[in-house]
Amino acid sequence: LAHPPDEVLMRRVRDGDLAQLETLWLRHAPAVHRYCARIASTEAADDLVQDVFLRVLRYRATWRGDGSFLGWLLRIARNTCHDHIESRRREENAMSIWRPDETAAEADPRLHLLQQALARLPEDRREVITLARWHDLPAERIAEVLGCSPGAVRVRLHRALRELRDILHAMEDPTP
Amino acid sequence: MNCERARELLAAELLNQLGPDERRDLDAHLASCESCRGEAQADRALWARLGELPAAGWSQAGRNGAQVALQQAIHAQASARRLPPWMAAAALAAAFLGGLSVPRSSLPWEQPQPDTGTAARPGEQEYMLVLLEAETLPGAPAPPPRVAEYSGWARSLAQRDRFAGGEKLRDEGGFVLTAAAQQDYTPAAGRISGYFMIYARTADEALALARESPHLKYGGTILVLPVDPI
């Protein structure tokens, strides 16, 4: 565990010691960036991670300290990504605006296809996969972020994987 | 166990959250159910493939830019809450004081509300501690750096939920302004070198907190002034 714990630092931020937010930034900005890149878009991730921490600063007085800081932070990241997606969706009138990072997996056709399939997955399905697979969060923490029970996280994950598999199959074998 | 439950346990397995009893139940079900066996194999393979996907890179320039923006926002938040100048003028008529007051009302974070400027809770009073410097005798050595010690005091106040803000003031670069004139501010004995904003339940508590300040042992004077929110 990092010392002082995140929750203690956030309490200090809430109570006026704003400089402590920089320590929280150093600890968690890469994870928030990873989340935003997976959920919103790789191009927008730089701006979004900044926006997430600005929201933490702006809404610091609402930190109640009754849950984990990371859960709270990712919930803010989730809302920030959602706002971004909604505004882009209005602009583009598209179902999903997430664009895979084409360069990241282009060397491996299997991974490239997986990227494409993820792009077609609805946002809420991609969200649970992201938190479980690339953030290594336990079901309780994911539940905190998604606002559901740990049992519901298991069900959502199972459904998301099945849907992703269906999309992959359809892409690999497009004949009806 | 039915297939639906087995598939929920499969997700639990991927989350590394399968207890020993659940593991035994799942294995027993998979041994007897071909459909779930196929599902498990496909889920596990997809899970492994997802793990191979590289994360999007974050350039050092992007990271630095975002960090600088955050630092600027922190600084702006700190200086956006400046106190009205009449407070300083009335106190000493010698300098223009800036201030920092951090609200700590508990709002649902989805519904931020306008900052009202002060945040003393019911039963608490906000106080401004104005730090006046001791006279430095001609030829006396320069005072030692004290910022770290003052910061430690601020941290101790914050840990007790008593810290609302504070800054050190520069000796140079200030002005004295009236309706008729403007002149450079010249620091002199008794000048204001900084201030703290604190919360206290009583005047005695405010005095007790002020007495903890390292400022007194350096020969300084502290004005303990209750804030009258406007």
Side-chain angles (χ1 to χ4, degrees), chain A residues 11-12 14-19 21-22 25-26 29-30 33-34 37-38 42 45-47 49-50 53-55 57-64 72 76 79 101 103-105 108 110-111 114-115 118 129 132-134 136-139 142 150-151 153-158 161-162 164-165 168, chain B residues 4 7-12 14-17 39 42-43 45-47 49-59 61-63 65-67 69-71 73-75 77-78 100-112 115 119 151 154-155 157-159 161-166 197:
Chain A
R11 184 164 58 81
R12 290 178 187 167
R14 182 197 64 192
D15 292 348
D17 191 357
L18 303 188
L21 186 54
E22 285 195 58
W25 161 276
L26 292 172
H33 186 273
R34 219 161 47 237
R38 296 279 190 207
T42 45
D46 279 14
D47 288 340
V49 67
Q50 185 179 315
F53 277 86
L54 292 180
R55 287 188 187 200
L57 181 64
R58 186 171 169 202
Y59 300 141
R60 64 187 180 277
T62 67
W63 163 252
R64 289 193 291 266
W72 188 67
I76 293 175
N79 288 358
D101 184 355
T103 56
D108 185 334
R110 284 169 58 255
L111 295 184
L114 184 55
Q115 290 270 39
L118 275 167
I129 291 177
R133 190 64 183 113
W134 296 301
D136 290 327
L137 295 181
I142 298 172
V153 169
R154 293 177 176 188
V155 173
R156 284 191 197 191
L157 181 59
H158 167 66
L161 289 173
R162 192 169 52 192
L164 182 58
R165 273 197 278 122
L168 267 173
Chain B
E4 197 176 331
R7 287 168 192 192
E8 194 187 314
L9 291 186
L10 260 177
L14 300 176
L15 287 161
N16 281 327
Q17 292 212 307
E39 193 86 1
D43 267 2
L46 179 58
W47 196 249
R49 197 163 153 191
L50 283 167
E52 292 174 40
L53 270 183
W58 193 9
S59 69
R63 186 184 302 234
Q67 187 168 356
L70 178 68
Q71 286 166 338
I74 289 172
H75 182 74
Q77 286 267 323
L100 172 74
S101 175
V102 179
R104 23 167 227 183
S105 54
S106 184
L107 303 173
W109 75 274
E110 295 85 354
Q111 298 169 8
D115 173 14
S151 299
R155 181 71 50 85
L157 290 168
Q159 283 165 351
D161 216 11
R162 286 286 168 265
F163 179 73
M197 305 299 299

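Side-chain atoms are counted along with the backbone in the values below, which use heavy atoms only and exclude waters and symmetry mates. Sequence lines set the chain letters: A, B, ... in the order given, protein chains first and strands last, and positions in each chain run from 1.
- Contact of Arg165(A) with chain B is made through backbone and side chain together, with heavy-atom distances under 4.5 Å.
- The side chain to side chain contact (heavy atoms under 4.5 Å, CB included) test applied to Ala11(B) returns Arg154(A), Leu157(A), His158(A), not counting sequence neighbours.
- Neither the backbone nor the side chain of Ala45(A) comes within less than 4.5 Å of any heavy atom in chain B.
- Your options are Leu164(A), Leu114(A), Val155(A), and the one with the most heavy-atom pairs under 4.5 Å with chain B is Leu114(A).
- Taking the ring axis of Trp134(A) as reference, the NZ or CZ atom of Arg34(A) does not stay both within 45° of it and closer than 6.0 Å to the ring centre.
- With a 4.5 angstrom heavy-atom cutoff, Leu137(A) touches chain B only via backbone atoms.
- Atoms CZ and CG, from Arg38(A) and Leu118(A) in turn, are 7.5 Å apart once rounded to the nearest 0.5 Å.
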For Trp72(A) and Ile76(A), run side-chain contact (heavy atoms from CB on, under 4.5 Å): C-alpha distance rounded to whole Å, both residues' side-chain angles, the deciding distance at 0.1 Å, then the answer.
CA-CA 6 Å; Trp72(A) 188 67; Ile76(A) 293 175; 3.9 Å; yes
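- Of the possible polar contacts, none joining the Gln50(A) side chain to the Ala69(B) backbone as a donor-acceptor pair under 3.5 Å is found.
- Arg55(A) places a side-chain heavy atom less than 4.5 Å from the side chain of Asn79(A).
- Contact tally against chain A (heavy-atom pairs below 4.5 Å) for Gly51(B), Ser59(B), Gly65(B): the top residue is Gly51(B).
- Contact count against chain A (heavy-atom pairs under 4.5 Å) is highest for Leu50(B) among Leu50(B), Leu70(B), Leu9(B).
- Heavy atoms of Arg11(A) lying under 4.5 Å from chain B belong exclusively to its side chain.
- Residue Pro30(A) touches chain B through both its backbone and its side chain, counting heavy-atom pairs closer than 4.5 Å.
- Taking the side chain to side chain contact (heavy atoms under 4.5 Å, CB included) definition, one finds that Gln67(B) meets it with Glu22(A), Trp25(A), Leu26(A), Gln71(B), sequence neighbours left out.
- Both the backbone and the side chain of Arg133(A) come within less than 4.5 Å of a heavy atom in chain B.
- Residue with the most contacts toward chain A among Glu39(B), Arg49(B), Glu8(B), Glu4(B): Arg49(B) (heavy-atom pairs, distance under 4.5 Å).
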